[in-house]
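First up is the structure itself, then whatever we jot down about it.
Predicted model only: the values in this text are computed from it and were never measured. One-based numbering, in listed order, for ligands and for the atoms of each.
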Amino acid sequence: MTQDLLKFNHDKVLVEGLSKEFSAEIEVPGDKSISHRAVMLGSIADGNSRIYNLSVSGDNLATVAAFRKLGVNIKKQNSGGSKKDFIIEGVGFYGLKEPKSVINTANSGTLTRLIAGMLAGNDFFSVLSGDKYLNSRPMRRIIEPLKLMGAKISGRGGDAYTPLAISGGGLQSIFYEVPVPSAQVKSCLMLAALYAEGDTVIYESKATRDHTENLLKFQGYPVGTEDSPSGGSFITVKGRHTGGLNPFEFIIPGDFSSAAFFIVLGILNKNSEITIKNIIINEKRTGLLKALKMMGADVDTVVKGMSPETAGDIKVKYSDSIKGIALPPEIVPDMIDEFPIFAVIASFAEGKTTVTGAKELRVKESDRIKSIVYNLNAIGIDIKELEDGFEINGNPDLKCAGKGLPKKLNSFGDHRIAMSMVIAGLILKNAKLEIKDINCINTSFPEFFDTLNSIIK
Ligand code: S3P
């Protein structure tokens, strides 16, 4: 007889502590960041691209819908095959068509910011708008540099927010230093640079995820990358390259950010271990593994494939001596999406964990510093909000604290807060957590509860 630890009631879930020990091997869906880029760059390639294991999360389906609206034929590979294998009939560099209505970018900051760069280079009119969360996220960070390239783009609130209106074309190359570490801003400018006259050079003082660079190179497009001695990176993109972009075949590796929830569950749950197969192992994404090793976790990675992205298996084991750390601020961008789940492991570690230099967390799908502090406070964790991070006095004994009425938590519409709190609920052996607004999990990981049930049931 298995115990049902997850009880659903409309948009809420009640989570009970997990008493089972497990040894599991799982896969998680294709990487969200790479899936966006594969659809975008496949759409403007010269011919048909075959993509396997595309993420079919809400965010990525919004990207597929957006490019269909721009006139690209995107279809499932074959009726008998996986629902995640697609063919994109690339229309070439200048083949996108003016959309007849507003492009809905849903909850996705990556879609909004990257497609804005591409549309700024295309000689037609377009409007982008998303959901209530997306429409309050900052857009000036892309509008300003796009305007420097000569783009005709404007946004609500004096260029602060979506909706964005774009009359594309006539771009010039620029040299631009990205003021905040942001792969979305960098990639937006790289996609605009494809359509600009001359070579655009982008400098980031801390290198961020390089999936746009990797895929463009894989497609034979002239992109140069050079590391700066201080940990930054110069990216040079040739404008209007006459050779265009080659179509490609790509098996998208699993999403590290989705794997992170199971990595932490495996480390915190007594006498357990978990292997996550075929995951992206790109060091600009796996900063969490560095942090976990610093905390004393048993983490092992085996690289299996390299092109265009490094992929492999990650294995973690339970450890009863996880220690709090002062997280080095330079690894913050390499684990920028993992702070909600990192806060969970820090809560059950011995001693103090401090996160600083992470102000960007305030402008994610929610203000993640506030969302983390609110929820962990409600559970009884000793956490303090900092302007650019948080401080947690962790305590392994808290795993057994609790009882009484379910603690009421809130995802604030943020998928990664929701999933992190589900993991916290499984680790709190005696307490129950009721988490509201959990449908947002579909934006990145619709298979989350099925994957979880395959381990805990
Ligand atoms: C992403 C970049 C990051 C990350 C987001 C995905 C991307 O955002 O938080 O989930 O795919 O480029 P920023 O560029 O705003 O840091």
Show me which atoms of ligand 1 lie under 4.0 Å from any heavy atom of [X].
| X | answer |
| --- | --- |
| Thr110 | 1 (C), 6 (C), 7 (C), 11 (O) |
| Ala183 | 12 (O), 14 (O) |
| Ser182 | 13 (P), 14 (O), 15 (O), 16 (O) |
| Asp337 | 4 (C), 5 (C), 9 (O), 10 (O) |
| Ile336 | 9 (O) |

Would you call [X] and [Y] a salt bridge, taking side-chain N to carboxylate O under 4.0 Å as the test?
| X | Y | answer |
| --- | --- | --- |
| Asp388 | Arg362 | no |
| Asp337 | Arg285 | no |
| Lys84 | Glu447 | yes |
| Lys277 | Glu27 | no |
| Lys284 | Asp210 | yes |

Hey, are His415 and Ser444 close enough side-chain-wise for a donor-acceptor pair under 3.5 Å? yes
How are the rings of Tyr221 and Phe93 set to each other: parallel, tilted or perpendicular (split at 30° and 60°)? parallel
Among Lys32, Met335, His211, Gln184, closest by any non-hydrogen atom to atom 2 (C) of ligand 1: Gln184
Check for me whether Lys364 has a heavy atom closer than 4.0 Å to any atom of ligand 1.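 Yes, Lys364 has a heavy atom closer than 4.0 Å to ligand 1.
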Note: Arg37, heavy atoms under 4.0 Å from ligand 1, region reported as side chain
Where does Arg209 meet ligand 1, judged by heavy-atom distances below 4.0 Å: at the side chain, the backbone, both, or neither? side chain
Quick check: Ser33 and ligand 1, any N/O pair under 3.5 Å apart? yes
